[in-house]
Amino acid sequence: GTIAVNYLLQKNTDSKYTLYVDSESSSSGYTVKNIAHTFCIEVARILNKHLTTFIRLEKPVCTCLKIYNREVLEHVVEKYKIGDIGMASDDDDYNDDDDMVKLGRPIPDMWLSALDSDINNIFRAQEWVGYEKREDHYIWAIVLHPIRDADAENNRYMRRYRILITEEDEEGIVVSVLDLFKLITKHSEAKTDERALVPTDSESGATELRQIKDNYTLKELKLKICNELRLIWELSDEKKTKALRRMCYTYHPDKASPNEKEVYEEAFKFLQTQIDRLEAGLPLQDPEDTRAQDSTCQHSRWRSYYDEWETNMKRNKDRRQRRRSRNSSEIPDLGPKIPHSKVDPVEARRWLRQAESDYEAMNILQHAVHDKKVSCQTLFLAHEVAEKALKAGMYALVGLGEHSLKIHDLTCHASAIFSERPEAAQIVFLASKMESYYLDTRFPNRHPQPKAPVDIYTPTQATDIAECAGNIISTIREIVDSTTK
């Protein structure tokens, strides 16, 4: 006989599933709820997971099954943070606690206004930032240290930073400054004015700092735009696009305060005209020329890209505003609480004392037993001395967050200290010489059979590395003393 059913979830020969629904019962809320329930059970069975893990998704699945037009789809996407329409996101794990700042987690839409798009920002070690993982998708990250690069000395937009985006990875990744956004919230504004530091437009602009002005005249904005464009036009096409997009964010009239809107409207027109001129192979206009802007050159390919980007920006802005208005009573006025690391002189002294104790133990072992059999132990102790001393230096200069505290990479901490104290350049070289002695000096499986650490390292190596450790602890002692007086 025939069995009548309202719906059927059938597994096909290609291991895909097809959902069949009786048209006469498809509008029934009871049927949709049953389909969602069946779907969750089937997913749990396929993945061999406990049913309770997926049954809580019954309501979101039920909501998705009721979508009947794009407007409803956009609402559901926002509500459940599904990701971009038409594309599942592997990064957006649903979590009700949007105020939580967690390493590698996507930055919720409601906090994107806290990202400062100014491409002139300088980032410091241990600073929490927004990292643009892909276009218009941002995650929380921590700056470990700037990368020393000769090109960046002449063009600040070529600067690169090593950042941490997962708790599991000690090494982090190296990214362009154009992928990083400073976080500006009322919490951070009350505690620090670091965001007001930018490079000057002088030839040595990569290292000199000045305060950002609250208000610019049109002439000053035009001069600033021209100086930035000259540097941007030295970049690769990919980086140039990122930089120009950031400039459009920065100078867009919508970002200006009401009393500056007129000035920024003119500055934005000037920016677009100069981009068209550069794309056409023409020189920049003189910022001090008060005559009408030249509009003889054709719109560049960038203008088409910009028009598309602006349309997307406005759509995303409207979407975020709708979401914010629906949740306005739940969103704190101050923004996310960024877990800033703090300079801690007491902790710096504590770590330095332990480093000095390890240094004494290392010297006793090295001088008391002139034997190859203990060279590996001497080398490991030297690494311990350097690591604890460098962490003392971090506490003295910028602080040390819980994620970075777990990092054993000496060069990472030495590079961060060097970015704050250029006169301590030697510690980066010393740290790089000692890097391999953390694990290799202890475990036989780090070496090919039948060798073990005791068979490999020599008293000469131990003496050399012990001297490196002594130089590092001496440099750090000076830094700690100078900052804790």
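If you're wondering where the values come from, they're calculated on a predicted model, not measured in any experiment. Computed from heavy atoms alone, side chains included, the values below leave out hydrogens, waters and symmetry copies.
- Contact detail for Ile476 and Ala392: the closest heavy-atom pair is CG2-CB, 4.3 Å.
- The pair Lys261-Asp254 meets the salt-bridge criterion, with a side-chain N (NZ, NE, NH1 or NH2) lying under 4.0 Å from an Asp/Glu carboxylate O.
- Within the 4.5 Å cutoff, the side chain of Ile473 has no heavy atoms near those of the Thr475 side chain.
- For the atom pair Ile427 CD1 and Leu390 CG, the distance stands at 5.5 Å (nearest 0.5 Å).
- Atom-to-atom distance recorded for Gln461:CD and Leu379:CG is 6.5 Å, nearest 0.5 angstrom.
- Nearest heavy-atom pair, Val428 versus Ala414, reported as atom, atom and distance to 0.1 Å: CG2-O, 3.8 Å.
- Here the closest non-hydrogen pair linking Arg277 and Leu284 is NE-C, 4.3 Å.
- The side-chain heavy atoms of Arg160 and Val177, taken from C-beta on, include no pair separated by under 4.5 Å.
- Within 6.0 Å of the CD atom in Glu234, the count of heavy atoms belonging to other residues, nucleotides or ligands exceeds 12.
- Inter-residue side-chain proximity for Arg421 and Ser482 is flagged as met; some heavy-atom pair is nearer than 4.5 Å.
- Using modelled atom types, one side-chain atom of Ser415 and one backbone atom of Thr411 make a donor-acceptor pair closer than 3.5 Å.
- Ring geometry, His403 versus Trp128: the interplanar angle exceeds 60°, so the pair is classed perpendicular (tilted spans 30 to 60°).
- Between Arg159 and Asp149 there is no side-chain heavy-atom pair separated by less than 4.5 Å.
- Between Ala141 and Ile165 the shortest heavy-atom distance is CB-CG2, 3.9 Å.
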- Message: Applying ring-ring contact (aromatic ring centres under 6.0 Å, His included) to His408 and Tyr438, what does each step give before you reach the verdict?
- Response: CA-CA 8 Å; His408 303 292; Tyr438 178 62; 4.5 Å; yes
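- Residues Leu144 and His413 fail the side-chain proximity criterion, which asks for heavy atoms closer than 4.5 Å.
- Contact between Ala424 and Ile479 at its shortest, heavy atoms only, is CB-CD1, 4.3 Å.
- Salt bridge Arg246/Glu228: absent, no basic N to carboxylate O contact under 4.0 Å.
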- Task: Apply side-chain hydrogen bond (donor to acceptor under 3.5 Å, both in side chains) to Thr273 and Gln285, showing your working.
- Result: CA-CA 9 Å; Thr273 300; Gln285 286 181 289; 5.5 Å; no
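- Counting non-hydrogen atoms of neighbouring residues, nucleotides and ligands closer than 6.0 angstrom, the NZ atom of Lys219 reaches no more than 12 such neighbours.
- A pairwise comparison of heavy atoms in Ala243 and Ile119 identifies O-CD1, 4.3 Å as the closest pair.
- More than 12 heavy atoms of other residues, nucleotides or ligands sit less than 6.0 Å from atom CD of Gln426.
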- With side chain to side chain contact (heavy atoms under 4.5 Å, CB included) as the test, would you mind laying out the steps for Leu271 and Tyr264 before giving the verdict? CA-CA 10 Å; Leu271 169 62; Tyr264 272 83; over 6 Å; no
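- No side-chain heavy atom of Glu347 sits less than 4.5 Å from a side-chain heavy atom of Lys342.
- Judged purely by atom type and a 3.5 angstrom limit, Asn121 uses its side chain to pair as donor or acceptor with the backbone of Asp118.
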- With side chain to side chain contact (heavy atoms under 4.5 Å, CB included) as the test, would you mind laying out the steps for Arg245 and Glu132 before giving the verdict? CA-CA 13 Å; Arg245 188 159 55 92; Glu132 190 173 19; 3.1 Å; yes
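- Atom OG1 in Thr483 sits 11.5 Å away from atom CD in Glu478 (nearest 0.5 Å).
- Of the N and O atoms on the side chains of Asn120 and Tyr157, at least one donor lies less than 3.5 Å from an acceptor on the other residue.
- Trp140 is listed as a side-chain neighbour of Leu183, based on a closest heavy-atom distance under 4.5 Å.
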- Let me see the working for Thr250 and Ser117 under side-chain hydrogen bond (donor to acceptor under 3.5 Å, both in side chains), right down to the final yes or no. CA-CA 6 Å; Thr250 302; Ser117 58; 3.2 Å; yes
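- A salt bridge links Lys391 with Glu387: the closest approach of a Lys/Arg side-chain nitrogen to an acidic carboxylate oxygen falls below 4.0 angstrom.
- In this structure, Lys388 pairs ionically with Glu384, as a charged nitrogen and a carboxylate oxygen lie closer than 4.0 Å.
- Listed for the Asp344 side chain is no donor-acceptor partner under 3.5 Å among the backbone atoms of Tyr395.
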- Message: Before you tell me yes or no, could you show the steps for Leu235 and Leu178 under side chain to side chain contact (heavy atoms under 4.5 Å, CB included), namely the whole-Å CA-CA distance, both residues' side-chain angles and the distance that decides it to 0.1 Å?
- Response: CA-CA 11 Å; Leu235 305 176; Leu178 301 174; 4.0 Å; yes
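- Taking NE2 from His137 and OH from Tyr131, the interatomic distance works out to 10.0 Å, rounded to the nearest 0.5 Å.
- Going from atom CG of Asp286 over to atom SG of Cys226 covers 8.0 Å, rounded to the nearest 0.5 Å.
- Judged by distance alone, with hydrogens and angles left aside, the side-chain atoms of Asp179 form no donor-acceptor pair with the main-chain N or O of Val175 at under 3.5 Å.
- A salt bridge links Glu153 with Arg148: the closest approach of a Lys/Arg side-chain nitrogen to an acidic carboxylate oxygen falls below 4.0 angstrom.
- A side-chain donor-acceptor contact under 3.5 Å links Glu435 to the backbone of Leu410.
- Counting heavy atoms from C-beta on, the side chains of Glu266 and Lys222 never come closer than 4.5 Å.
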- Chi angles and distances behind the side chain to side chain contact (heavy atoms under 4.5 Å, CB included) call for Glu127, Val398: CA-CA 9 Å; Glu127 182 177 355; Val398 293; over 6 Å; no
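- A side-chain donor-acceptor contact under 3.5 Å links Gln126 to the backbone of Gly401.
- Screening Tyr138, Phe123, Trp111 against Phe181 for a ring-ring contact (aromatic ring centres under 6.0 Å, His included) leaves a single residue, Tyr138.
- In this structure, NZ in Lys240 is found 9.5 Å from CD1 in Ile232, a value given to the nearest 0.5 Å.
- Annotation: Glu238, atom CD; neighbour count of heavy atoms from other residues, nucleotides and ligands within 6.0 Å does not exceed 12.
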- Item | Verdict with reasoning, His252 to Phe268, per ring-ring contact (aromatic ring centres under 6.0 Å, His included) | CA-CA 6 Å; His252 199 286; Phe268 194 72; 5.0 Å; yes
